[in-house]
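Here is the structure we will look at.
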Amino acid sequence: ESLSKITVDLAKKIKLSRLHVGALDELEGVVDTSKLHNAWQQTLKAIHSFRTLKKAPLPKIFQAKLRPYQQEGVNWISFLKEYQFGGILADDMGLGKTIQALTILAQTYEDTSVIKPSLIVAPTSVVYNWQEEIKRFTPGLKTHMYIGKERSFPQDKNVNVIITSHALLWRDREQFLKCDFHYVILDEAHYIKNHKSKTAKAAHQISPDHRLSL
């Protein structure tokens, strides 16, 4: 079974995405949840037992001190990651969404078993800002800039983060769809809130392990 979908055998098979975990919770008296994939059972258990967010430990390579509300944001993103939910971090401008996202990426790649790169998609005007912020706060992350006329995907298997623009995600979507990403992080995601736009469709077609919109 895929971790993103389940199959419930009622009168006929019904497929639910993880977005509908609340509906599954309401069906628990009807559906034999003991037959669900173990990951789904763990998700339902987490929902039932949830009381408060656990404090996420800061990665060793993170070179900054988080403000209390930023730590809360990291705690929340860490919860989403643990139970494989996508999410939106919608803090106001200047409150550190980039830092919170980088904390999660640094935390991720402290686990040496994670070998897939992650993808950051940002407006063209700030792609280099992401590179500079990584150098400043998480210098242990190895980056690759996928921009410009001579752009190409990294040959180095040790690259952790690929940074590209919204425009190139759509323009080179066939290339991105061939890649297997751990995280896809959409910066300034409100620019593609129109689900009918080409960039939004390209973003939806990519299937990473985890999704986060800023």
Single hit among Val121, Val127, Val126 for side-chain contact (heavy atoms from CB on, under 4.5 Å) with Asp187: Val126
Main chain of Tyr183, side chain of Ser118: is a donor-acceptor contact present, judged purely on distance under 3.5 Å? yes
For [X], give me all partners under side-chain contact (heavy atoms from CB on, under 4.5 Å), at least two apart in sequence or on another chain.
{"X": "Gln205", "value": "Leu177"}
{"X": "Leu80", "value": "Trp76, Phe85"}
{"X": "Ala64", "value": "Phe62, Phe137"}
{"X": "Lys198", "value": "Trp170"}

Between Ile185 and Tyr128, is there shared hydrophobic-cluster membership here, with clusters defined by ILVMFWY side-chain heavy atoms closer than 4.5 Å? yes
Should Ile88 and Ile120 be counted in the same cluster of Ile, Leu, Val, Met, Phe, Trp and Tyr side chains packed under 4.5 Å apart? no
Taking C-beta and beyond as the side chain, do [X] and [Y] meet within less than 4.5 Å on heavy atoms?
{"X": "Leu169", "Y": "Ile206", "result": "yes"}
{"X": "Asp172", "Y": "Arg151", "result": "yes"}
{"X": "Ile77", "Y": "Thr103", "result": "no"}
{"X": "Ile104", "Y": "Val74", "result": "yes"}
{"X": "Thr164", "Y": "Leu119", "result": "yes"}

Qualifying side chain to side chain donor-acceptor pair (under 3.5 Å) pairs, either residue in residues 133-144, two or more places apart: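 Non-adjacent pairs meeting side chain to side chain donor-acceptor pair (under 3.5 Å): Lys142-Asp156.
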Going by salt bridge (charged side-chain N to carboxylate O under 4.0 Å, His left out), name the pairs with one or both residues in residues 58-83, residues two or more places apart or in two chains.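 For residues 58-83, and leaving out neighbouring residues, the salt bridge (charged side-chain N to carboxylate O under 4.0 Å, His left out) pairs sorted by first residue read Lys54-Glu82.
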Over all atoms of both residues, closest heavy-atom pair of [X] and [Y]:
{"X": "Glu188", "Y": "His166", "answer": "O-CE1, 3.6 Å"}
{"X": "Gln71", "Y": "Ala56", "answer": "NE2-O, 3.1 Å"}
{"X": "Leu89", "Y": "Lys97", "answer": "O-CD, 3.5 Å"}
{"X": "Gly73", "Y": "Gln100", "answer": "CA-OE1, 3.2 Å"}
{"X": "Phe176", "Y": "Leu168", "answer": "CE1-O, 3.5 Å"}
{"X": "Ala101", "Y": "Leu214", "answer": "CB-CD1, 4.2 Å"}

Roughly how far, to the nearest 0.5 Å, is [atom2] of [Y] from [atom1] of [X]?
{"X": "Ile192", "Y": "Lys201", "atom1": "CD1", "atom2": "NZ", "answer": "12.5 Å"}
{"X": "Gln70", "Y": "Ile99", "atom1": "CD", "atom2": "CD1", "answer": "5.0 Å"}
{"X": "Leu102", "Y": "Thr108", "atom1": "CG", "atom2": "OG1", "answer": "11.0 Å"}
{"X": "Gln175", "Y": "Tyr146", "atom1": "CD", "atom2": "OH", "answer": "6.0 Å"}
{"X": "Leu141", "Y": "Glu110", "atom1": "CG", "atom2": "CD", "answer": "9.5 Å"}

Over 12 non-hydrogen atoms of neighbours within 6.0 angstrom of CD in Glu132: yes
More than 12 foreign heavy atoms under 6.0 Å from NZ of Lys55: is that the case here? no
Test Ser197 against Tyr191 for side-chain hydrogen bond (donor to acceptor under 3.5 Å, both in side chains), laying out the working first. CA-CA 10 Å; Ser197 70; Tyr191 286 148; over 6 Å; no
